[in-house]
Protein chains: 2
Amino acid sequence: MDNTTRQQLVATTSRLLEAQGYHGTGLSQIIRESGAPRGSLYYYFPDGKEELAAAAIAEQGARMRDFTAQLLNEVADPVAAVDRVLVGLIEHFSASQYCGGAPLAAVALETAAHNPRLRTACTAAYNDMIDVFTAKLRAGGYPPTRAMRLATVIVAGIEGAVILSRTQQSTAPLALLREEVSILLRCDNTSPQAGNTVAHR
Amino acid sequence: MDNTTRQQLVATTSRLLEAQGYHGTGLSQIIRESGAPRGSLYYYFPDGKEELAAAAIAEQGARMRDFTAQLLNEVADPVAAVDRVLVGLIEHFSASQYCGGAPLAAVALETAAHNPRLRTACTAAYNDMIDVFTAKLRAGGYPPTRAMRLATVIVAGIEGAVILSRTQQSTAPLALLREEVSILLRCDNTSPQAGNTVAHR
DNA sequence: GTCTATATGACGATAGAC
DNA sequence: GTCTATCGTCATATAGAC
């Protein structure tokens with residue numbers, strides 16, 4: 001069986017979902033840009049657009065996870081390793097002409113409330129990302145709870161900074177995130193929690 | 001002139017854009033749920049859907065800005081004030097049944113690459129939000145550059161944490177963000193910047 | 001200002017030949 | 001597996017009466 005056509009469909013869908021979201025991407029555009037035969041779509045994906053999108057989400061999730069894991073493993077120190085990921089993300093974002101970096105964010109927001117299948121697929125992808133960061137931070141000496149907390153916040157920061165960077169068409173928000181994440185990762189969490197002190201600078 | 005109809009159109013559009021994004025929201029649904037007369041839409045918004053969406057984005061931007069500014073002003077200490085905003089956001093998110101909190105994120109992602117008008121409207125809204133946080137942090141003693149950097153990262157963290165929270169249908173990511181933001185705001189930024197040290201815990 | 005009716009096209013999905 | 005043709009529905013937008 002020739003699954004080149006299938007792969008082309010998924011790859012094109014992944015790319016279009018990232019830039020336009022779920023409802024903004026039509027099947028006709030997917031057919032056209034993938035070069036895949038129109039009749040093949042419902043052969044490989046009997047459930048149509050939704051099933052195709054779910055496959056694309058899974059692929060993008062794996063891509064994000066592998067991209068992150070690879071860069072994290074290039075550096076031993078966890079703070080430097082996370083920084084390496086953010087540098088890689090900024091490079092990728094620039095190379096994509098201010099379109100890339102958060103391949104699932106639009107789909108997740110559009111469909112979370114109304115489409116359980118796609119919402120679940122996005123959840124799995126994001127959890128994989130968070131797990132990769134968590135493992136690196138734990139291996140680097142952070143306590144488990146804090147490692148998970150930091151990993152979640154790092155992923156959230158990335159998604160949000162990509163939103164701002166895409167909107168501003170600039171890498172600036174991502175660059176600012178990079179600096180503050182470095183500060184946060186070097187920061188101790190044992191300081192007193194509440195209070196109205198005005199000590200900083 | 002009766003602008004009640006106009007306000008209803010904008011309010012309904014704001015709500016639907018938040019939950020479904022731009023392409024996922026049809027004019028017929030806006031008409032139906034707003035109860036506005038169908039003929040009025042192109043009277044108030046000659047440019048149709050795009051102009052209506054731009055008005056909705058501006059309204060949501062003002063709403064976010066005012067919500068944030070009000071909560072920030074309830075507390076003097078900037079760290080506690082930011083925490084107050086995050087608590088308010090978590091409450092709002094819960095009350096909205098895991099749908100609210102990032103009213104522009106979906107539209108911004110969908111349209112940043114292809115629709116300059118809506119992209120610009122989103123940029124203005126986000127900048128307003130960042131400015132509100134920046135002003136509070138500067139008034140609280142943070143140096144201007146760092147205040148702006150923190151404000152941007154806080155807004156990014158909020159947007160990203162809402163994505164994760166909506167996807168997981170849980171307030172957990174927002175709660176984790178809240179904790180780490182408190183830590184970050186209490187953290188000094190004068191420590192050495194680079195290096196492969198493994199000092200944390 | 002608001003109405004109805006409709007133009008025009010894109011959408012997702014399907015049928016049946018090959 | 002892939003093709004073409006087409007169904008039915010929805011979309012945005014417009015025209016013209018009131």
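Not measured: the values here are computed from a predicted model. Worth knowing before you read on, the calculation uses all heavy atoms, side chains too, and leaves out hydrogens, waters and symmetry mates. Chain naming here is simple, since letters A, B, ... match the order of the sequence lines and numbering starts at 1 in each.
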Between D:dA11 (P) and B:L16 (CG): distance, integer Å = 12 Å
Candidate list B:L52, B:T5, B:I30, test side chain to side chain contact (heavy atoms under 4.5 Å, CB included), partner B:V10, passing option = B:L52
query = Can you find a side chain N or O atom of B:Y44 that sits less than 4.0 Å from OP1 or OP2 on C:dT2?
reply = yes
Residue whose nearest DNA chain C nucleotide is more 5′ - A:R32 or A:G39 = A:R32
query = In whole angstrom, what separates B:N115's CG from D:dT12's P?
reply = 14 Å
remark   = Between B:R65 and B:M129 the two heavy atoms that sit nearest each other are N-SD, 4.3 Å
message = On the nucleotide D:dT2, are OP1 or OP2 found under 4.0 Å from the side-chain N or O atoms that A:S40 carries?
response = yes
From D:dT12, D:dA11, D:dT4, nucleotide with atom closest to B:S28 side chain = D:dA11
inquiry  = Strictly below 4.0 Å: does A:T5 bring a side-chain N or O up to OP1 or OP2 of D:dG1?
reply    = no
note = Separation of C:dA13 atom C1' from A:L27 atom CG, nearest Å, is 9 Å
ask   = Above 12 or not: heavy atoms from other molecules or residues under 6.0 Å from CZ of A:R138?
value = no
request  = Round to the nearest Å and state the distance from B:I30 atom CD1 to D:dA13 atom C1'.
outcome  = 14 Å
task = Grab the CZ-P distance between B:F45 and D:dT14 for me, whole Å please.
result = 16 Å
key: N or O in side chain of B:Y43 less than 4.0 angstrom from C:dT2 OP1/OP2   = no
key: B:F45 side chain near B:R6 side chain, heavy-atom distance below 4.5 Å   = yes
remark   = To the nearest angstrom, the CD1-P distance between B:I31 and C:dT2 comes to 11 Å
ask   = Does some side-chain heavy atom of A:L27 sit less than 4.5 Å from a side-chain heavy atom of A:Y42?
value = yes
inquiry  = Expressed as a whole number of angstroms, how long is the span from B:H23:NE2 to D:dA11:P?
reply    = 14 Å
task = For B:K49 and D:dA11, give me the distance from atom NZ to atom P, rounded to whole Å.
result = 9 Å
